Every structure is written in structure tokens, then in C-alpha cells.
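What you are looking at is a predicted structure, and each value in this text was computed from that prediction instead of being measured.
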Amino acid sequence: MPEPRRRARALARRWWPLALAVPLGAAAGAGYALVSHPSYSASSYVVVVPNNPGENSTAVNFAQAYGRLTGQPQVLIGAAAETGRTVTALAGLVRGTTSPDAPMIEITGTGARGEEAVKNADAVAKSLIAFGNASSKETGVRLVPLAPAAEPDAPASPSASLDTAVGAAAGVLVGALVLLTRRKPSATTEAPQTPQTPQAAEPEPALPAQAEAAGAAEPAPGKTRAPAAAR
């Protein structure tokens with residue numbers, strides 16, 4: 001077999017999870033973009049103005065506070081009647097964002113159609129202005145509409161390119177996990193063990209009683225033991 005073909009087969013056997021998961025993930029993302037319902041978004045802008053000129057920092061702080069109140073029931077209750085939705089349903093369709101250095105609140109509304117997104121954003125902006133200006137004397141600021149929402153030309157989601165890229169990235173992750181699970185630990189080579197030669201058994205130390213008996217049985221140096229018959 002030629003060497004290039006052998007290498008190609010080895011790469012295919014090793015990396016087939018990635019080669020299979022990435023196209024499948026991209027196809028799944030593109031399919032989701034085709035079958036999911038479009039969603040439009042539109043933004044309305046409100047500015048917080050101080051009653052006394054020169055208190056810009058106070059206006060910024062109140063803008064941060066009112067931005068957090070955009071999705072609260074006390075603000076949405078007025079907009080819910082205008083849009084014909086419940087407060088809970090409208091809370092999932094609008095959100096408020098603020099700037100850390102500007103007293104401006106951006107209210108973004110979403111909907112299945114562009115006019116619905118515009119209606120949700122403008123209704124919540126109007127309700128927020130009424131809620132904030134009701135306590136203008138106490139807070140020292142008032143809310144003023146800056147720009148109404150404009151009807152979008154295209155849906156904000158789904159995005160075919162973005163969903164395809166997300167699906168391909170998910171395929172890379174799944175393929176990498178499969179590769180990690182298929183990886184086997186390398187066999188460790190053990191050093192050959194040299195056969196050990198048997199060692200001779202060491203004599204056990206004699207007990208004290210045995211040592212004394214052996215000493216009594218042996219004759220003293222220079223003397224010979226008399227034969228038994230001569231005793």
C-alpha cells in the first residue's frame with residue numbers, strides 16, 4: 001500500500017469523531033435557523049434630566065436605578081394594558097440597559113413581528129416615564145423621552161450564519177470529548193527482573209543451654225577422654 005494512502009487511513013481512523021461531529025453540528029445549527037420562528041427587536045430611549053442644572057451625577061445614578069426597574073410589575077402594569085398582554089408575558093419581551101457614564105435608558109422590546117417589537121418598547125418607555133415622574137419632586141430628576149422605537153427591517157434572530165457557527169463549535173466539542181474517551185493509556189514497560197540465586201540457609205544461633213551442653217561434652221585442651229571400659 002502506498003505511504004500517502006496509509007497515512008490518510010491512519011488519520012481517518014484517529015480523527016473520525018471530529019470529521020463526523022463538525023458537519024453534523026453545522027447542519028443542526030442551520031436546520032434550527034430554518035425552522036425556528038423569527039424574532040424582531042426595537043429600542044426606545046429615555047433620558048433622565050436633573051431638576052437642578054449641574055447635578056449630572058445624580059441623573060446618572062437614577063438612570064441606573066430606573067433601568068433596573070424596567071421589567072418590574074409596578075412599571076409594566078401600565079404597559080400591559082396598552083399592549084394587551086399580561087405583566088408576566090410582557091416581562092419576557094422587554095429589557096432595559098443603561099450606560100455607566102450617561103443618564104440614558106435603552107428599552108428593547110421583542111416580538112414576532114416588527115410592529116409588535118415597536119409597540120412593546122414604546123409602551124414600556126411611556127409607562128416608565130409616568131412611573132418616574134410621579135415622584136419627581138422627591139428624587140430631583142425627571143424622565144424625558146429621547147427617541148421612539150423604529151421598526152426593524154430584518155429579524156434579530158435566528159441568524160443562519162451564527163447558528164451554523166454555533167452548531168459547528170458544538171460539534172468540535174463533542175468530537176473532542178469522544179476522542180478523549182477513546183484514548184487508551186499507554187502500556188508501561190517494566191524492567192526485566194533478574195533471577196535471584198538461592199542463598200544458603202544460615203545456621204540458627206545455638207541456645208544458651210545447648211551451648212553449655214556442647215562445652216561440657218568436649219574435652220579440655222591437652223587431655224584425652226578415657227575409654228568407657230577403663231572407668
| If you measure from CD on Glu82 to NZ on Lys119, what distance do you get to the nearest 0.5 Å? | 7.0 Å

| note | Closest heavy-atom pair, Asn120 versus Thr83, reported as atoms and distance to 0.1 Å, is OD1-CG2, 3.6 Å

| Which pair of heavy atoms, one from Tyr66 and one from Ser135, lies closest together, and at what distance? | OH-OG, 4.0 Å

| field | Closest heavy-atom pair and its distance - Val144, Ile129 | value | C-CD1, 4.2 Å

| query | Between Thr88, Val87, Leu90, which is the residue that forms a side chain to side chain contact (heavy atoms under 4.5 Å, CB included) with Pro73? | reply | Val87

| query | Side chains of Tyr40 and Thr110: closer than 4.5 Å at any heavy-atom pair? | reply | no

| task | Answer whether the closest heavy-atom distance between the side chains of Arg68 and Gln64 falls below 4.5 Å. | result | yes

| said: Tell me whether the count of non-hydrogen atoms from other residues, nucleotides or ligands lying under 6.0 Å of CG in Leu146 goes above 12. | reply: yes

| said: I'd like to check Gln74 versus Leu69 (side-chain heavy atoms, cut-off strictly below 4.5 Å). Are they in contact? | reply: yes

| message | Test your reading of the model: is there a side-chain donor-acceptor pair from Thr86 to the backbone of Ala89, 3.5 Å cut-off? | response | yes

| remark: In short, Ala125 meets Ser44 closest at the heavy-atom pair CB-OG, 3.5 Å

| task | Mind checking the CD-CG spacing from Gln72 to Leu128? Nearest 0.5 Å is all I need. | result | 11.5 Å

| query | Are any non-hydrogen side-chain atoms of Asp122 and Ile107 less than 4.5 angstrom apart? | reply | no

| request: Search all heavy atoms of Val141 against all heavy atoms of Ser136 and return the closest pair with its distance. | output: O-OG, 2.9 Å

| query | Side-chain heavy atoms under 4.5 angstrom apart, residues restricted to Ile, Leu, Val, Met, Phe, Trp, Tyr: same cluster for Val118 and Leu93? | reply | no

| request: Work out which heavy atom in Pro50 is nearest to a heavy atom in Arg142; give both atom names and the distance. | output: O-NH1, 3.8 Å

| Between Val94 and Leu76, does a side-chain contact (heavy atoms from CB on, under 4.5 Å) hold up when you go through it step by step? | CA-CA 10 Å; Val94 294; Leu76 297 179; 4.0 Å; yes

| query | Would you call Glu116 and Arg85 a salt bridge, using N to O less than 4.0 angstrom? | reply | yes

| query | Once you round to the nearest 0.5 Å, how far does CG of Leu143 lie from CZ of Phe131? | reply | 10.0 Å

| message | Can you see whether Ser41 engages Thr108 through a side-chain donor-acceptor pair at a distance of less than 3.5 angstrom? | response | no

| Main-chain N/O of Ala123 paired with Ser127 side-chain donor or acceptor, under 3.5 Å | no

| request: Any chance you could measure Asn56, atom CG, to Asp101, atom CG, to the nearest 0.5 Å? | output: 11.5 Å

| query | What do the steps show when you test Ile105 against Tyr45 for side-chain contact (heavy atoms from CB on, under 4.5 Å), and what is the final call? | reply | CA-CA 6 Å; Ile105 306 170; Tyr45 298 90; over 6 Å; no

| From Glu106 atom CD to Ser43 atom OG, the distance as rounded to the nearest 0.5 Å | 4.0 Å

